[in-house]
Amino acid sequence: MDYRYIEQLLERYWLCETSLEEEQILRTFFSQENVPVCLLPYKDLFTYEHTDTETNRLGEDFDRKMLEMVGEMPPVKAKTISLKQRLTPLFKAAAIVAIILTLGNAIQVAMQPTQPPTIAGAQFDETTQEGNSIAIVDTTKIDSMKMAEVPILK
């Protein structure tokens, strides 16, 4: 018998020029019992998917076994984070900044040189004057809102 058509199909198959129908013709030809000796080396190539359908299937636990061999844990599901949990670091940072600013202001006030107090734009004179004493006890009170002297009578 002449197998020129099959040989031509094989030539086109090696050049990747065959259609799906022509490849099906080759599979059908090589799946029959009587294949010529000159074409027998190609039989396994075209009949492989028919003969070995169930023997090389991966098992259901293949992924688990491979992950155990590699030593990786299975992927972890995502965790939902609430708005409060997201903003907690921001609140902590704001509290730290407020504490630092408060301490900085306190240190700045403590480090300033003291000036004599002024009342309504007048300065106290620290020099003593000689003369008769008007009162035994100084009875003046400073109004903090108006900054004026208000005498207290006893």
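Because only heavy atoms are used, hydrogens play no part in the values below, and waters and symmetry mates are left out as well, while side chains stay in.
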Could you grab the distance from atom [atom1] of [X] to atom [atom2] of [Y], nearest 0.5 Å is fine?
X	Y	atom1	atom2	result
F30	L45	CZ	CG	8.5 Å
L87	I81	CG	CD1	11.5 Å
L26	T47	CG	OG1	12.0 Å

**Study point:** Partner residues of E11 under the side-chain hydrogen bond (donor to acceptor under 3.5 Å, both in side chains) criterion, sequence neighbours left out
**Key:**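 Not a single residue meets the side-chain hydrogen bond (donor to acceptor under 3.5 Å, both in side chains) criterion with E11.
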
Review point. Do you know which two heavy atoms are closest between E17 and E22, and how far apart they sit?
Key: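 In terms of heavy atoms, the two residues are closest at O-OE1, 4.2 Å.
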
Exercise for review: Please report the shortest heavy-atom distance between K43 and Q32, naming the atom on each side.
Suggested key: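 Nearest heavy atoms, K43 then Q32: NZ-O, 3.5 Å.
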
Would you say [X] and [Y] make side-chain contact, with heavy atoms under 4.5 Å?
X	Y	result
Q24	T28	yes
E23	L9	no
V35	Y42	no
L101	V97	yes

Review point. Centres of the Y13 and F46 rings: under 6.0 Å?
Key: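 Y13 vs F46: aromatic centres under 6.0 Å.
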
Point to revise | Residue list, salt bridge (charged side-chain N to carboxylate O under 4.0 Å, His left out) with K65, at least two apart or on another chain | key: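 K65 satisfies salt bridge (charged side-chain N to carboxylate O under 4.0 Å, His left out) with D61 once adjacent residues are dropped.
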
Do [X] and [Y] belong together in a cluster built from hydrophobic side chains that touch within less than 4.5 Å?
X	Y	answer
I25	W14	yes
M69	F62	yes
F91	L83	yes
Y5	L40	yes

